[in-house]
Amino acid sequence: MSNNQGKMQGGSDTPVLKDRSAFRKLSRRNVLTALGATGVMMAAQSFGGASLLIESEASGSPPFVKYVSDIAELRALNGMQEGQAVAVMKTGRAGLFYFSSGNLSAKVAGDPQYGVYIAPNSDTSGASGAWIRQYGQAAAFNAKVNIAWFGAAGDGVTDDYPAIQGAVDFSLNVFFPEAPVQWRVSQSVVVRPLQQLEGECKWQDWNLSADTAKGVKGDPGVAPFTTLPAGTSYPSVPPASAQQRRGLTFYRMHVIGDHAPAVIHHYASNFTYRECCLRSSHAPTLPMRYSYRGTFDNNLIGASNYAGWVVQLYDNCNAIDFKGSNYVAGSSIGGAIDISKSQSITIQGGVHEVVGLPCYRIGGLSTQEAEHIQEVGNCHGIRIVGNYFERCALPISVGMAAYVFGVEIEGNFLSCYGNETAYIAGIELGSVNGWNVRNNSLIKGANNIPTVRFGYNPQATYRYAVAGTLKDNHVQRNDLSNGIDYEVAAGMNAGLLGYLFGSNYMDFTNTKDLTDGSPVTFKTYGRLHEWTSRVIDGTETTKIIDFDFVGPEGGMLEEVTVFLVDGAPDASMSVGYTGNSQYNANTAIASLTFIGERASVPISNQLILGGAGRLVIRHTAGTASGRYMVQIRYRK
């Protein structure tokens with residue numbers, strides 16, 4: 001029931017009028033009251049355009065406004081005049097519209113979902129005029145639009161993809177109100193450069209395990225959002241530079257992937273994720289490729305039922321900053337953050353929880369595991385500072401598949417509490433050069449598991465951790481008189497390179513070797529040496545060429561390079577140590593891959609074991625003419 005003033009009774013969305021064909025004299029307050037939240041939003045943004053209500057009120061004369069129930073009824077109106085105002089009352093698409101009699105065909109064509117520009121049925125092209133939603137056009141360029149205006153229902157059943165894609169195509173500034181149930185999409189919404197998506201996410205107040213509603217959710221196998229334009233893909237068909245999605249902002253968005261990521265974020269730089277909740281099941285939540293200069297600020301990013309990594313930063317995801325207490329959580333079969341072939345990554349002040357598995361992995365993606373070879377490579381300049389790790393089997397792993405240059409791990413709290421049976425180590429260091437582990441607090445369960453594990457990476461050019469500092473860390477364990485603090489992988493059979501140990505609250509004497517439990521002696525091979533051989537004729541007599549006395553401390557080979565002088569010799573050469581008849585580099589010159597006149601020699605064993613004797617080159621004569629030189633870089 002309703003009275004003659006059009007006031008709603010009984011909770012109806014649409015007011016019932018005795019004479020709905022007549023224009024009503026309404027004050028601005030009456031209209032905003034009837035429009036509810038939509039009216040409040042319009043008041044906050046200004047009406048723009050002809051400013052019908054404001055001008056009428058200023059003149060002391062109330063405006064003439066017509067009620068209609070929905071967009072279909074608005075389109076069916078006849079006899080429109082310039083500046084005529086109509087209020088659409090139905091929830092979702094409610095709003096104030098005025099009629100413009102100019103040629104608006106281009107605007108109508110650009111808004112196929114009837115969100116802002118709505119042509120009447122009498123001329124659907126808009127050439128004779130159209131209704132224009134008032135939402136702040138005069139206040140700002142690309143003013144914010146609401147996906148509900150474009151027909152999004154949010155009931156969890158209706159396919160909201162056309163409405164959301166229509167809103168995204170219409171404006172760079174798109175608002176996602178909290179859905180009645182869920183915004184369901186059957187296809188990935190393709191965002192544009194400089195796109196700003198804003199929601200009403202309040203993930204800090206949620207019970208994550210219980211809340212499954214309110215956000216944008218893709219159908220099974222559909223990522224709700226993607227930065228890849230139609231016809232492009234990673235890495236087969238990357239978008240042209242002008243098509244790359246730079247300047248993307250997700251603010252307070254709740255996005256859910258089902259057997260698909262929440263957002264596929266490739267080729268999209270200068271981005272920001274702030275106060276969002278991004279979740280997925282059976283898939284990585286945020287796979288990111290070739291996207292640099294970005295910020296994550298106070299987000300929840302989680303995955304469940306997925307044997308992989310929640311956030312993937314691969315292939316030049318450079319200059320990215322995690323700050324403001326991000327919460328990244330994996331399930332019992334997923335890790336938190338995986339970094340490969342990326343530079344200058346800072347992760348600070350966050351909370352990270354993965355039950356029973358590694359949490360951060362840096363330089364750990366192998367060619368066998370990667371989907372594309374472009375994803376695999378060395379990392380540089382990684383900072384992990386002031387984070388909280390909970391229930392992780394291995395909170396931080398560095399350099400176990402690719403080399404990592406420059407890692408800072410400082411001021412973190414690492415705990416495996418409640419997950420002791422799966423615990424591997426607090427920190428694992430593999431092929432990493434220039435590392436600093438200091439001022440961390442670590443809690444481990446059983447004493448027979450290590451605090452710091454020095455790994456061995458036989459696939460990398462540089463196989464061990466080198467040139468590092470381990471200082472001022474605190475370890476809590478059940479019994480200080482018993483346990484393992486440092487563990488060394490079996491492949492590291494002779495020592496470590498260039499470490500500074502100092503003031504760690506750990507029992508250094510309890511360091512054990514993985515294989516037989518015997519004590520490990522840590523050695524320092526710090527000073528770099530370089531030596532270049534004379535010119536060697538490939539056909540000259542087989543011989544050993546001495547070049548340095550190693551001494552009892554031993555040493556470590558870093559690089560062996562062959563330079564062609566002339567011809568194409570097929571001689572063989574080895575670099576090794578006479579004391580144990582072990583050669584670190586064995587190769588036939590003809591088998592090397594030369595870039596210009598230079599070729600790197602694979603090193604099968606970097607360490608030069610201790611004992612009296614000399615480091616030597618062994619030349620084995622070939623039959624083809626040609627000459628070469630050998631350059632050696634080593635530490636001792």
Side-chain angles (χ1 to χ4, degrees), residues 288-294 312-322 337-348 358 360-367 370 373-385 387 394-410 412 427-438 440 452-471 489 491-492 495-501 524-530 555-561 595 600-603 606-607 631 633-635:
M288 187 172 293
R289 311 288 189 273
Y290 210 89
S291 299
Y292 41 86
R293 293 192 299 271
Q312 299 173 339
L313 304 179
Y314 298 163
D315 190 7
N316 291 293
C317 289
N318 305 332
I320 294 178
D321 188 11
F322 288 80
I337 300 176
D338 196 24
I339 302 172
S340 177
K341 196 182 174 182
S342 295
Q343 336 298 328
S344 300
I345 309 293
T346 298
I347 308 172
Q348 56 185 338
Y360 291 175
R361 187 176 70 170
I362 303 157
L365 182 68
S366 66
T367 54
I373 190 64
Q374 289 90 339
E375 298 171 342
V376 179
N378 296 335
C379 297
H380 302 255
I382 311 297
R383 299 180 66 243
I384 303 172
V385 181
N387 297 281
L394 178 57
I396 303 171
S397 174
V398 184
M400 293 307 297
Y403 203 55
V404 181
F405 297 84
V407 173
E408 180 179 351
I409 302 172
E410 182 169 2
N412 301 283
I427 299 171
E428 180 181 55
L429 299 173
S431 301
V432 53
N433 188 346
W435 53 272
N436 183 8
V437 178
R438 61 187 302 164
N440 300 285
V452 179
R453 181 177 187 272
F454 293 96
Y456 171 70
N457 177 12
Q459 305 301 319
T461 303
Y462 304 96
R463 302 179 181 188
Y464 316 108
V466 298
T469 299
L470 183 67
K471 186 176 181 182
M492 299 178 63
L496 302 174
L497 172 63
Y499 291 109
L500 169 64
F501 291 89
T524 299
Y525 307 127
R527 187 175 178 183
L528 181 65
H529 299 260
E530 183 177 294
M556 176 174 280
L557 204 62
E558 286 208 349
E559 187 176 11
V560 178
T561 307
I595 300 175
S600 295
V601 177
I603 301 174
Q606 281 182 295
L607 288 169
Q631 185 182 77
R633 289 168 60 88
Y634 63 103
R635 294 180 184 271

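Only this structure's heavy atoms are used, side chains among them; waters, hydrogens and symmetry mates stay out. Positions are given from 1, in the same order as the sequence printed here.
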Do Gln348 and Asp321 pair up side chain to side chain, a donor and an acceptor below 3.5 Å, judged on atom types alone?
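A donor-acceptor contact under 3.5 Å links the two side chains.
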Under a 3.5 Å threshold, yes or no: a donor from one side chain and an acceptor from the other, between Arg289 and Gln374?
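Not at all, the side chains of Arg289 and Gln374 share no donor-acceptor pair under 3.5 Å.
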[X] side, atom [atom1]; [Y] side, atom [atom2] - distance, nearest 0.5 Å:
X: Leu313; Y: Ile345; atom1: CG; atom2: CD1; result: 5.5 Å
X: Leu470; Y: Ile409; atom1: CG; atom2: CD1; result: 10.0 Å
X: Glu375; Y: Gln312; atom1: CD; atom2: CD; result: 7.0 Å
X: Lys341; Y: Cys379; atom1: NZ; atom2: SG; result: 10.5 Å
X: Ile339; Y: Tyr314; atom1: CD1; atom2: OH; result: 10.0 Å
X: Leu394; Y: Glu428; atom1: CG; atom2: CD; result: 5.5 Å

Please name the pair of heavy atoms, one in [X] and one in [Y], separated by the smallest distance, quoted to 0.1 Å.
X: Glu410; Y: Asn440; answer: C-OD1, 3.5 Å
X: Ser340; Y: Gly377; answer: OG-N, 3.7 Å
X: Met288; Y: Cys317; answer: O-SG, 3.4 Å
X: Ile320; Y: Ser291; answer: CD1-O, 3.5 Å

side-chain contact (heavy atoms from CB on, under 4.5 Å) for Val398 and Trp435? Distances and angles first, verdict last.
CA-CA 10 Å; Val398 184; Trp435 53 272; over 6 Å; no
Going by the rule side-chain contact (heavy atoms from CB on, under 4.5 Å), which residues pair with Arg383 if we only count those two or more places apart in sequence or in a different chain?
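side-chain contact (heavy atoms from CB on, under 4.5 Å) check on Arg383 returns Thr346, Val385, Glu408.
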With sequence neighbours excluded, what pairs up with Asn436 under the side-chain contact (heavy atoms from CB on, under 4.5 Å) test?
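So Asn436 forms a side-chain contact (heavy atoms from CB on, under 4.5 Å) with Arg438, Thr469.
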Mark yes or no for whether [X], through its side chain, and [Y], through its backbone, hold a donor-acceptor pair below 3.5 Å.
X: Ser366; Y: Ala401; value: no
X: Asn318; Y: Tyr292; value: no
X: Asn412; Y: Asn387; value: yes
X: Gln343; Y: His380; value: yes
X: Ser431; Y: Tyr403; value: no

Tell me, do Glu530 and Gln631 make a side-chain contact under 4.5 Å, heavy atoms counted?
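In short, these two side chains touch, coming nearer than 4.5 Å.
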Do Val404 and Asn433 come close enough that some side-chain heavy atom pair is under 4.5 Å?
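No, too far: nothing below the 4.5 Å cut-off.
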Above 12 or not: heavy atoms from other molecules or residues under 6.0 Å from CD1 of Ile595?
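Count not over threshold, so no.
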Before you tell me yes or no, could you show the steps for Ile427 and Val437 under side-chain contact (heavy atoms from CB on, under 4.5 Å), namely the whole-Å CA-CA distance, both residues' side-chain angles and the distance that decides it to 0.1 Å?
CA-CA 9 Å; Ile427 299 171; Val437 178; 3.7 Å; yes
Ile382: which of Ile362, Val432, Ile396 passes side-chain contact (heavy atoms from CB on, under 4.5 Å):
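Passing option: Ile362.
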side-chain contact (heavy atoms from CB on, under 4.5 Å) between Ile384 and Tyr360, worked out:
CA-CA 9 Å; Ile384 303 172; Tyr360 291 175; 3.5 Å; yes
